[in-house]
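Each residue takes its place number in the sequence, starting with 1.
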Amino acid sequence: MELKALYLYAAVLAVLLCSSVNFIQSPTDVLGPVALLKPTPSSASDFGAVVSDAPFAVMRPESPDDIALLLGALSSAGPSPRATVAALGAGHSLHGQAQARGGIVVETRALPCDVQVVAARAHGDSGGATTVPAAYADVGAGAMWVEVLEECLKFGLAPPSWTDYLYLTVGGTLSNGGISGQTFKHGAQISNVLQLEVVTGKGEVVTCSPTKIPELFFAVLGGLGQFGIITRARIPLQLAPPKVRWVRAFYDSFETFTGDQELLVSMPEQVDYVEGFMVLNEQSLHSSSIAFPAQLNFSPDFGSKGRKKVYYCIEFAVHDFRQDGSSADHVVELVSGKLSYMRPHMYSVEVSYFDFLNRVRMEEESLRSRGLWDVPHPWLNVFVPKHGITQFKDLLMDTVSADFEGLILVYPLLTDKWDGNTSAVVPATPDGVMYIFAVLRSTDPARCGRACVESILAQHRRVADQACRDGGGRRIGAKQYLARQPSPAHWRDHFGSGWGRFAARKARFDPLHVLGPGQGIFPRTDPAGSM
C-alpha cells in the first residue's frame with residue numbers, strides 16, 4: 001500500500017477519533033481496504049471557477065462498496081461527525097456545490113463507467129422514433145453522457161432526453177435535472193430513469209425504482225446530492241435516427257419569437273427538439289453559429305450605443321429515419337410555413353445524430369482556443385413562468401453589457417413533463433408553460449478580474465431575488481436552477497411548500513448531514529465541522 005494512502009488512513013482516523021467514536025483500534029477497522037488520497041487541484045475547483053474549498057482528502061472508489069464503507073464509518077461517528085462528503089463527477093458545478101471544505105470528495109469517475117445496453121427487437125414506423133419499453137442501458141454513474149451515446153448508437157438506440165453538453169456524468173445531471181431541447185417532449189433526464197443504485201448517507205447500498213423504495217428513488221433525482229450518491233442508473237432507450245434536420249430561424253421581436261417557440265412545442269409528433277437564444281451582438285451571432293454547418297446570410301443592424309437592438313433565434317430539429325431525407329424535409333416545410341420569422345432568414349442543414357447531440361463540443365473547442373474555457377463562469381439559470389418572461393427579460397437585460405461574452409438561451413418547457421415526486425423544483429404555472437433563461441457567460445481575466453466577477457454575481461443575485469420573491473402585484477414567481485442559494489433561509493424559500501418533504505427525506509437518508517455540504521442547504525450544528 002502506498003505511503004500517502006497510509007498517511008491519509010491515519011488522518012481520517014484522527015478526524016473520526018475527534019468525534020465521539022472511541023473504539024477504533026486501527027485504520028482498517030474504519031475503512032478496510034479503501035484508500036484516501038491527498039487532495040488534488042480539481043477537488044477544490046469546478047467549471048464556475050468562483051469558489052475553491054479544499055477537502056481534507058479524496059476518494060477514488062473502485063466500487064459502491066468503497067463509498068458505503070466510508071459513509072457507514074462517518075455516519076456511525078456519533079451525533080455530529082467531523083467530516084462531510086461530496087460527490088464529484090466531471091467538475092461542472094458552478095458555485096462549489098460538489099466541494100467539501102475540510103471533508104472528503106468522492107470522485108465518481110473512478111467508479112466502473114461501463115454502459116451495458118439491453119436491446120429488444122423493435123419495429124419503428126418510417127415517420128419517427130418510438131420508445132422501446134424493453135430497451136434500456138445500465139450505466140455507471142461516473143460515465144459521461146457522450147460515452148452513453150457512443151455505446152447505445154452501436155445498437156441503433158439512444159436515450160430520449162439529453163443535456164446540451166455531453167461531457168457531464170450521468171450521476172451529476174440526475175442529481176440536478178438535465179435539460180435540453182428534447183425536454184418539452186420527453187421531460188428532463190430525471191424523468192427518464194427506470195432504476196437507480198444509490199449509496200445513502202448512512203452507508204447503505206440500495207437499488208431503488210418507482211416501485212421499489214420509491215421515496216429514495218425520487219429523493220435523489222434532482223436531490224442535489226443530499227440523500228445519497230448515485231452509483232448506477234438504468235436509462236430507457238428509443239430508436240436513434242441516423243440523421244437530423246437542424247433548423248435555425250431569426251426574429252426581431254421577443255413576442256413573436258416566444259410565440260413561435262410555443263407553437264413548436266405544441267407539435268411533439270412533428271418536432272423533436274426546440275431551443276432558442278438571444279442574438280446580442282456580432283460576437284454572439286458568430287459564437288452561436290460555430291457548430292451550425294451552414295452559411296448564415298444574416299447581417300442585422302445591432303444599432304448604436306444607447307439604442308441597441310436585440311435579435312432572437314429559434315433552433316428546432318426533426319429526426320430523419322429515411323435514407324433520402326424526404327420525410328424530415330417535408331415536416332420542416334410544413335412546420336416552417338406556420339412560423340413568423342424574419343423572411344428569408346431561416347436556414348436548414350442535415351447532420352448526423354451524433355454530431356447534432358455533440359454540437360456544443362465545437363463551441364468548447366473555440367472557447368479553449370481563445371482562452372475562455374478555463375475561466376470564471378458567473379452563470380445564471382432561472383425557470384420563469386410564461387406570464388413573467390417579458391418582465392424577466394427586461395430585468396435581465398439591465399445587467400447585460402455591450403461586451404457580453406457568451407450565450408443567453410431562452411426556450412419553453414412544459415411543467416407536466418416534470419414528475420412532482422422528484423426533488424427538483426419548478427415554478428407554479430397555471431398554463432403549464434415555463435421558460436429556461438440560461439445566461440452562459442465567460443469572463444476574460446484580462447478584462448474582468450475578481451472584483452468584476454463578484455459584481456456580475458451580485459447583479460445575478462439581485463435579478464434572482466426579484467424574480468423569485470413571493471408576493472407583490474407583479475410577482476414573477478421564478479425558480480433558480482443549478483444555483484447555490486446564499487443561505488438556508490433562501491433554500492427554504494426556494495423549496496416553498498416542498499421544504500417539509502425535502503427535510504424529511506434528509507432526516508431519513510442522511511440524518512447526520514454528511515452529504516452535499518457544498519450546497520449549503522443543511523448547515524452543520526457542530527462549529528468545528530466542515531461546510
Side-chain angles (χ1 to χ4, degrees), residues 127-128 164 180-182 184-185 241 243-304 307-320 322 324-351 355-356 359 362-363 386 389-390 393-394 396-397 400 404 407-413 433 435-438:
D164 284 333
S180 186
Q182 303 89 359
F184 83 93
K185 184 168 182 172
K243 298 174 292 185
V244 171
R245 177 58 65 173
W246 184 7
V247 183
R248 285 187 171 181
F250 289 91
Y251 294 76
D252 58 3
S253 161
F254 183 71
E255 290 71 24
T256 307
F257 162 70
T258 54
D260 275 3
Q261 283 187 315
E262 289 173 33
L263 176 62
L264 288 168
V265 301
S266 73
M267 298 187 286
E269 297 303 315
Q270 290 78 39
V271 179
D272 296 291
Y273 164 99
V274 177
E275 286 197 13
F277 54 90
M278 295 183 178
V279 183
L280 303 172
N281 48 42
E282 291 287 351
Q283 177 59 41
S284 172
L285 179 61
H286 171 72
S287 61
S288 64
S289 303
I290 289 171
F292 191 72
Q295 181 66 38
L296 300 181
N297 297 315
F298 182 60
S299 301
D301 178 8
F302 289 102
S304 57
R307 300 188 63 183
K308 297 293 292 181
K309 174 69 176 176
V310 176
Y311 296 86
Y312 308 90
C313 179
I314 282 180
E315 181 173 79
F316 73 93
V318 176
H319 290 174
D320 188 357
R322 290 187 176 179
D324 60 5
S326 59
S327 177
D329 289 343
H330 179 64
V331 171
V332 169
E333 182 179 357
L334 288 177
V335 169
S336 62
K338 300 177 182 181
L339 303 180
S340 301
Y341 57 91
M342 295 171 61
R343 285 169 167 75
H345 297 298
M346 189 188 83
Y347 306 90
S348 174
V349 65
E350 184 179 82
V351 296
D355 287 346
F356 174 72
R359 62 197 176 279
M362 290 184 64
E363 297 174 16
K386 175 183 173 179
I389 57 174
T390 299
K393 185 261 297 182
D394 293 341
L396 182 63
M397 291 307 295
V400 176
F404 179 91
L407 284 175
I408 301 180
L409 300 180
V410 183
Y411 60 92
L413 306 169
V433 179
Y435 278 71
I436 176 66
F437 280 73

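Atom CZ of Phe257 sits about 8.5 Å away from atom CZ of Phe277, to the nearest 0.5 Å. Note that CD1 of Ile290 and CE of Met362 are 7.5 Å apart. Values are rounded to the nearest 0.5 Å. For the atom pair CG (Leu339) and CG (Leu263), the distance works out to 6.0 Å, reported to the nearest 0.5 Å. The CD atom of Glu275 sits 9.0 Å away from atom CD of Gln261, with the distance rounded to the nearest 0.5 Å. To the nearest 0.5 angstrom, Ser348 atom OG is 11.0 Å from Glu333 atom CD. In this structure, Asn297 CG and His345 NE2 are separated by 8.0 Å, a value rounded to the nearest 0.5 Å.
Tested against Tyr435, the residues Lys386, Glu262, Lys393 include a single side-chain hydrogen bond (donor to acceptor under 3.5 Å, both in side chains) partner, Glu262. A side-chain contact (heavy atoms from CB on, under 4.5 Å) with Gln270 is found for exactly one of Val332, Val331, Leu334, namely Val331.
Between Asp164 and Gly181, the closest heavy-atom pair is OD1-N, 4.4 Å. Nearest heavy atom pair, residue Tyr341 against residue Asp260, reads N-OD2, 4.0 Å. In terms of heavy atoms, Arg359 sits closest to Ser180 at NH2-OG, 3.7 Å. Between Pro293 and Trp246, the shortest heavy-atom distance links the atoms CD-CZ3, 3.8 Å. Ser284 and Ser287 make their closest contact through O-OG, 3.3 Å (heavy atoms, listed as atom of the first residue, atom of the second, distance). Contact detail for Arg248 and Cys313: the closest heavy-atom pair is CB-SG, 3.8 Å.
Between Ile436 and Leu413 there is a side-chain heavy-atom pair separated by less than 4.5 Å. With contacts defined as side-chain heavy-atom distances shorter than 4.5 Å, the pair Asp301/Lys309 does not qualify. Counting only heavy atoms from C-beta outward, the side chains of Pro241 and Asp272 never approach each other to under 4.5 Å.
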May I have the step-by-step check of side chain to side chain contact (heavy atoms under 4.5 Å, CB included) for Phe254 and Ile389, ending in yes or no?
CA-CA 10 Å; Phe254 183 71; Ile389 57 174; 4.1 Å; yes

Between Leu396 and Ile408, is the side chain to side chain contact (heavy atoms under 4.5 Å, CB included) condition met? List the steps.
CA-CA 10 Å; Leu396 182 63; Ile408 301 180; 4.1 Å; yes

Yes or no on side chain to side chain contact (heavy atoms under 4.5 Å, CB included) for Phe302 and Val279, after CA distance, side-chain angles and deciding distance?
CA-CA 9 Å; Phe302 289 102; Val279 183; 3.8 Å; yes

For Met397 and Leu280: C-alpha separation, side-chain torsions, deciding distance, then whether side chain to side chain contact (heavy atoms under 4.5 Å, CB included) applies.
CA-CA 10 Å; Met397 291 307 295; Leu280 303 172; 3.8 Å; yes

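Tyr273 and Phe356 have perpendicular rings, their planes meeting at more than 60° on a 0 to 90° scale where under 30° would count as parallel.
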